[in-house]
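Residue numbers start at 1 and run along the sequence shown. In each ligand, atom 1 is the first atom listed, and ligand 1 is the first ligand listed. Side chains included, hydrogens not; waters and symmetry mates left out as well; all remaining heavy atoms used.
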Amino acid sequence: MLRIALHWQILAGMVAGCLVGLVLNVAASDRSVTVTSNLPDGILEAEVTDSSSRTVIRYRDDQQTETTVIVTPASPSKDGIRTFAELAKKDPQASQIYNRHGKSLAKQVGQWCQKIGGLFLRMLQMVSIPLIVTSLLSGILSLSGRQGIGRMFGRTLVYYLATSLLAIVTGLLLVNLIRPGLQTIGPESASTAETLHNTSLVDVIFGQIEALIPSNPIAALTQPNFLSIIAFTIIFGVFAVRVGGTTVTRIRDITNASFEVMMAITTAVIRLAPVGVFFLITAVLSTQGSSIFQSLGWYVVTVSAALAIHACITLPLILKFVGKRQPLEYAKAMSPALLTAFSSASSNGTLPVTLTSVEQRAGISNKTGSFVLPLGATINMDGTALYEAVAVLFIAQLHLGYNLPLSQQIVVAITALLASIGAAGIPHAGLVMMVIILQAVGLPLEMQGIILAVDRVLDMARTSVNVWSDSCGCAVVEAFDSSPESSS
Ligand code: ASP
């Protein structure tokens, strides 16, 4: 039987969702009827508009004064109702519009699509915590039993954190510069904006530091507080490695087995993405119309430009001046891994190719490659970190109608860093992790539906950047390891 690759299925779901959503949007759009005959005394003309959220009555009296009355079923104005009642009595067409208010079939279909698409988002949420914990733990526990890794571990970690932070800063700079979410759509929710503004920078940073030391790790799991979960998992893993012996072996076996199961569940959930994308895109387009395409286009441009800057400028500079390698030659040597990463959108899946390319084509020692790369595939994801930061700021721009304040952008940066550390190296893992950041800054999770449509192509690009950064990390760690200082 013909099997269509998942990304084509997602694309098909997206196209179908766009078409259905646009039809619904047109069907649910404002309709108005102008009534000129049989009007109540003193009213010359009235227009009854049935829009997605209100009914508007406009009328001109014999003094040519124009009055607009808005009637909403939730808070009807007395004048509006009286006027409307008089109109409705005389014009059955207007009355029909009023009765249809809030119940239009198109709107209802849009709402149902949102609900069904929401089930898919719930599944993503369901897998996120166990996936983070098992992925992170298995990465850290794989270090146990290896001799003399202390110093190498320190350097690798510094490189990973530094490059991920640089990637996030690049992403934030570009998203603030290009403002993809502000290209077409105006403010939507002032109240959320106010809540977001209410905290000072020091409070925000201190709050994040507090979260890194959970007073109750089990409570952190149920809240859920992702920062605390990630912090405690790292602490647990590092100390399990220090305890060593059969303790760590047992924990590692259980963790690896659980991680395998979680990867299988996540892969199964991701298989539903075409259906999820269809419903979510339908819901988004039925309410926002085609204007969303423009924003989405700018969003793709922003993520791609930021990834390109990180991959083609920042990392090559580090490679040249710290790793002492020729960036072009090194990239050529790594090309099989980079292309596999691009086509598979999975750094874990690419790992065997990355390992062989690094050792056989780029001349990195097995000691460095076999340590830096498996750890990198789990915790070093520059592309994912950058993408998370841009995506969340884009969502905030769309939802609030303006940029998040600096204090909130810092929260986004910190959580994006942790989300990238916790993300598994499988397709769309970054999407699963985004829940963490959206929650941290109080943005609605449903907004993820908008970016789902273009996630696959961005996933391919960010996975290549993830693998490229891991490979550059090998050169950097190797350069330090072979320096005379280090060997003395
Ligand atoms: N697919 C990416 C990887 O495997 C993770 C992500 O979704 O960002 O590296």
Side-chain angles (χ1 to χ4, degrees), residues 5-7 10 121 123-125 127-128 131-132 134-136 138-139 160 163-164 167-168 170-171 226 230 259-260 262-267 269-271 273 276-277 299-300 303-304 306-307 310-311 315 334 337-355 372-392 394 412 415-438 448 451-473:
L6 183 66
H7 51 276
I10 295 179
L121 293 178
M123 288 183 214
L124 288 180
Q125 281 174 261
V127 293
S128 64
L131 191 67
I132 298 167
T134 53
S135 151
L136 203 50
S138 81
Y160 285 167
T163 52
S164 296
I168 292 172
T170 310
F226 288 90
I230 293 175
F259 182 41
E260 237 174 82
M262 282 320 302
M263 292 234 281
I265 299 178
T266 309
T267 310
V269 170
I270 296 294
R271 276 221 190 95
V277 166
Y299 163 67
V300 173
V303 176
S304 315
L307 285 175
H310 188 69
L315 289 176
M334 291 312 300
L338 300 180
L339 291 173
T340 312
F342 188 78
S343 49
S344 68
S346 163
S347 5
N348 271 3
T350 311
L351 192 56
V353 190
T354 321
L355 265 169
V372 176
L373 291 178
L375 190 64
T378 333
I379 69 170
N380 181 45
M381 298 201 177
D382 294 7
T384 304
L386 181 155
Y387 153 83
E388 302 281 345
V390 175
V392 171
F394 167 70
V412 170
T415 34
L417 178 68
L418 287 161
S420 73
I421 292 175
I426 54 176
H428 299 290
L431 200 67
V432 179
M433 302 304 290
M434 196 176 297
V435 179
I436 303 176
I437 313 168
L438 291 174
Q448 250 191 318
I451 55 169
L452 247 171
V454 288
D455 191 64
R456 178 67 190 200
V457 58
L458 294 180
D459 193 6
M460 293 158 80
R462 67 183 185 249
T463 307
S464 305
V465 176
N466 291 345
V467 170
W468 176 228
S469 172
D470 293 346
S471 322
C472 295

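Between the side chain of S346 and the main chain of G425, a donor-acceptor pair closer than 3.5 Å is present. For the pair N380 (side chain) and L375 (backbone), a donor-acceptor distance under 3.5 Å is absent. Not a single donor-acceptor pair under 3.5 Å links the side chain of D459 to the backbone N or O of P427. Of the possible donor and acceptor atoms, one in the side chain of W468 sits under 3.5 Å from a partner among the backbone N and O of A311.
Proximity to H428 (heavy-atom distance under 4.0 Å) selects the following atoms of ligand 1: 7 (O). With ligand atoms numbered from 1 in the order given, ligand 1 contributes 5 (C), 6 (C), 8 (O) to contacts under 4.0 Å with heavy atoms of T384. Near I426, meaning under 4.0 Å from one of its heavy atoms, ligand 1 places the atoms 1 (N), 2 (C), 4 (O), 5 (C), 7 (O). Against a heavy-atom cut-off of under 4.0 Å, S346 is close to the following atoms of ligand 1: 4 (O).
The shortest N/O to N/O separation between A424 and ligand 1 does not fall below 3.5 Å. The shortest N or O to N or O distance between D459 and ligand 1 is under 3.5 Å. Looking at G425 next to ligand 1, an N or O pair under 3.5 Å apart turns up. Of the N or O atoms in A429, one or more lie within a sub-3.5 Å distance of an N or O in ligand 1.
For V435, the side-chain contact (heavy atoms from CB on, under 4.5 Å) partners are Q125, Q439, L445, Q448, not counting sequence neighbours. When the ring pair (Phe, Tyr, Trp, His ring centres under 6.0 Å) test is applied to Y160, no partner is found at least two apart in sequence or on another chain.
The closest protein non-hydrogen atom to atom 2 (C) of ligand 1 is T463 OG1, 3.3 Å. With hydrogens left out, the protein atom closest to atom 7 (O) of ligand 1 is G430 N, 2.7 Å, a heavy atom. For atom 3 (C) of ligand 1, the nearest protein heavy atom (residue, atom name, distance) is S347 OG, 3.1 Å.
Assignment of A345 to the shell around ligand 1 is supported, since a heavy atom sits closer than 4.0 Å.
The distance from atom OG1 of T266 to atom CG of L431, rounded to the nearest 0.5 Å, is 12.0 Å. Interatomic distance, R462 CZ to H310 NE2, rounded to the nearest 0.5 Å: 14.5 Å.
Of all the heavy atoms of R462, the ones lying under 4.0 Å from any atom of ligand 1 belong exclusively to the side chain.
Neither side chain, D382 nor Y387, offers a donor N or O lying under 3.5 Å from an acceptor on the other.
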